[in-house]
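To keep things clear, I will list the structure first and then write my remarks on it.
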Protein chains: 2
Amino acid sequence: MKRKAIGEQLLQKDIRPSFPRLRVMEYLFKNRNHPTVDEIYRELVQEMPTLSKTTVYNTLALFEEAGLVRRVASSENEARYDAFIEDHGHFRCESCGVLYDFTIRLEKAEEEGLDNFEIRKRDILYQGLCPRCRNSGIKKLIIDKGGYR
Amino acid sequence: MKRKAIGEQLLQKDIRPSFPRLRVMEYLFKNRNHPTVDEIYRELVQEMPTLSKTTVYNTLALFEEAGLVRRVASSENEARYDAFIEDHGHFRCESCGVLYDFTIRLEKAEEEGLDNFEIRKRDILYQGLCPRCRNSGIKKLIIDKGGYR
DNA sequence: ATTCATTTTTGTAACCGTTACACTAATGTA
DNA sequence: TACATTAGTGTAACGGTTACAAAAATGAAT
C-alpha cells in the first residue's frame, strides 16, 4: 500500500496523516510479523531521531480505536499489533516465540452460549511447536540419549 | 472438588500438596471467573496472613507447567487463570471487562497452514458487548437523543 | 503574513504486574 | 537429632505502559 493511499485511509477516519502516523501505518503494512511497540519504535527512530515511544503508543491506540489495526491476543505480556483486520488465526511457537498466521474458517465452528452477545472481534491463538522447533527438539532428544556422537 | 481429591491430583503430578497450593487450586475450582493473581492473593491472604504474592505466582507457574491450569489469552496486560483445561471459548466484554465462557466446537472449523505444527493448546477469545452492557448502551443512546424524559 | 486556538509530539516520571534473589521456614530422611 | 532438600517469604528491581505537562506543529481567522 502506497503512502498516499495510507494517508487517504487515515483521513477517512478523521485522523490527520502526520508523518509519524504515516510511517507507523506503513511499517505495519510492510511488516506483517505482528511487531511489538518496541520493534516499531526502534526501526522508525532511525529515520525520525526525535520520535518518542509515547507517540508510537498514542498512534497505535488511535489506530486501534478507529478499527484500522488490531492488537493481537497473546499469552505474553507485551502487546503486538497487526494491520490485517480480517479474522485469521495466530500460532505462537512456545519454543522460539515466533507468531505465525494461519487461515481458519469459524463459520462452521458451532458456538453455544453467546445469544444476545454482540461479537466485534474474534481472536484465535494456538500454541505449540512450529515445524522447525519440533524438528530441532527431536534432534535434541536423540543427542541427549546418545543417538548422535 | 474436595480438598483431598485436589491433594491427590497434585501428588499425581509430583507436586507436594502444601496448604498454599491446596488453597490456590481450590480457589480456582470454586471461582470459575478467570481470576487475576491479585484477586487470588487478596482472597487467600485473609486466611493466610503471611501469604506472599510471590507464592501465588510460583504456584500458578508450577500448576501451569504441570498442565493443571491454563493462563487464558486476553487482550489485557494482567494474567488470568482458569482451572478448566478442556478447550472452550472466552468472551470479553469491552465495556465491563467481564470474561465469559462459551462452548465452541473447533473440530469443524477448517484450518489451513498448520501442516507439521504441533498444536498443544487453542485459545479462543471473542470481544464485544455482553447482553447487559449492550442493553444499557441502547438505553443510554435513547436518553442522549431525548427519547426518555 | 500574523495571531490565536487546537492538535500533535515529546520527555519525564510514575504506575503496576511480574520476576529475581537471598533469606527463612517447613518438610523428609537417615 | 542432624542434615539435606523443598517451599514460602519479603524486598528490590525490571519492563511495558500510561499520565502529564511542556514544546512544537498545524489550521483558521483576521
Side-chain angles (χ1 to χ4, degrees), chain A residues 6-7 10-11 13-27 34-66 68-81 92 97 99, chain B residues 6-7 10-27 34-66 68-82 92 97 99:
Chain A
I6 292 174
L10 296 185
L11 283 172
K13 298 281 185 176
D14 279 322
I15 295 173
R16 280 217 288 253
S18 70
F19 189 68
R21 288 171 177 171
L22 280 175
R23 292 295 294 117
V24 168
M25 188 55 100
E26 199 173 24
Y27 182 90
H34 323 92
T36 64
V37 172
D38 196 57
E39 284 165 358
I40 300 169
Y41 171 75
R42 286 211 314 274
E43 175 73 22
L44 297 188
V45 77
Q46 294 180 35
E47 58 175 296
M48 290 184 273
T50 71
L51 180 68
S52 164
K53 199 179 262 190
T54 302
T55 299
V56 181
Y57 277 104
N58 289 342
T59 302
L60 290 168
L62 188 68
F63 288 173
E64 193 186 12
E65 186 76 15
L68 296 171
V69 145
R70 285 181 68 155
R71 176 174 174 171
V72 316
S74 140
S75 66
E76 303 163 299
N77 294 329
E78 202 171 0
R80 293 184 170 273
Y81 287 88
R92 176 175 174 273
L99 215 56
Chain B
I6 292 173
L10 296 185
L11 282 172
Q12 278 181 2
K13 298 280 184 178
D14 279 323
I15 295 173
R16 280 217 287 252
S18 69
F19 190 68
R21 288 171 177 171
L22 280 175
R23 292 296 294 117
V24 168
M25 188 56 99
E26 199 173 24
Y27 182 90
H34 323 93
T36 64
V37 173
D38 197 58
E39 284 165 358
I40 300 170
Y41 171 76
R42 286 211 314 274
E43 175 73 21
L44 297 188
V45 77
Q46 294 180 36
E47 57 175 297
M48 290 184 271
T50 71
L51 180 68
S52 163
K53 200 178 262 190
T54 302
T55 299
V56 181
Y57 276 104
N58 289 341
T59 301
L60 289 168
L62 188 68
F63 289 173
E64 193 186 12
E65 187 74 15
L68 295 172
V69 146
R70 285 181 68 154
R71 176 174 173 169
V72 316
S74 139
S75 66
E76 304 162 299
N77 294 327
E78 202 172 0
R80 292 183 170 275
Y81 287 88
D82 193 337
R92 176 174 175 273
L99 215 56

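We name chains A, B, ... by the order of the sequence lines, and we start the count at 1 in each one.
Between Leu10(A) atom CG and dT7(C) atom P there is a gap of 17 Å when expressed in whole angstrom units. dT27(C) atom P lies 17 Å from atom CD1 of Ile15(B), rounded to whole Å. The nearest whole Å value for the distance from the CZ atom in Arg23(A) to the P atom in dT9(C) is 14 Å. Between Glu39(A) atom CD and dG15(D) atom C1' the separation is 15 Å, expressed in whole Å. Taking atom CE of residue Met48(B) and atom C1' of nucleotide dA26(C), one finds them 15 Å apart after rounding to whole Å. The CZ atom of Phe63(A) sits 11 Å away from the P atom of dT8(C) (whole-angstrom rounding). Spacing between atom NZ of Lys53(A) and atom P of dA19(D) amounts to 17 Å, rounded to whole angstrom units.
Each of Asn58(A) and Asn77(B) has a nearest nucleotide on DNA chain C; the 5'-most of these lies closest to Asn58(A). In terms of position along DNA chain D, the nucleotide closest to Asp14(B) lies nearer the 5' end than the nucleotide closest to the other residue of the pair Asp14(B) and Thr54(B).
A close approach under 4.0 Å does not occur between any side-chain nitrogen or oxygen of Arg16(A) and OP1 or OP2 of dA25(D). For the pair Ser52(B) and dG10(D), the criterion of a side-chain N or O lying under 4.0 Å from OP1 or OP2 is not met. When the side-chain nitrogen and oxygen atoms of Tyr57(A) are compared with OP1 and OP2 of dT17(D), one or more of them lie within a distance under 4.0 Å. Using a 4.0 Å cut-off, some side-chain N or O of Ser18(B) falls inside it from OP1 or OP2 of dG8(D).
Heavy atoms only, all atoms of each residue included: Ser52(A) and Tyr41(A) are closest at C-CE1, 3.9 Å.
The listed nucleotides are dT9(D), dT10(C), dT18(C); the one nearest the side chain of Leu51(A) is dT10(C). The side chain of Glu78(A) lies closest to dT17(D), out of dG11(C), dT9(D), dT17(D).
Once rounded to the nearest 0.5 Å, the distance linking CD of Glu78(A) with OG1 of Thr36(A) reads 4.5 Å.
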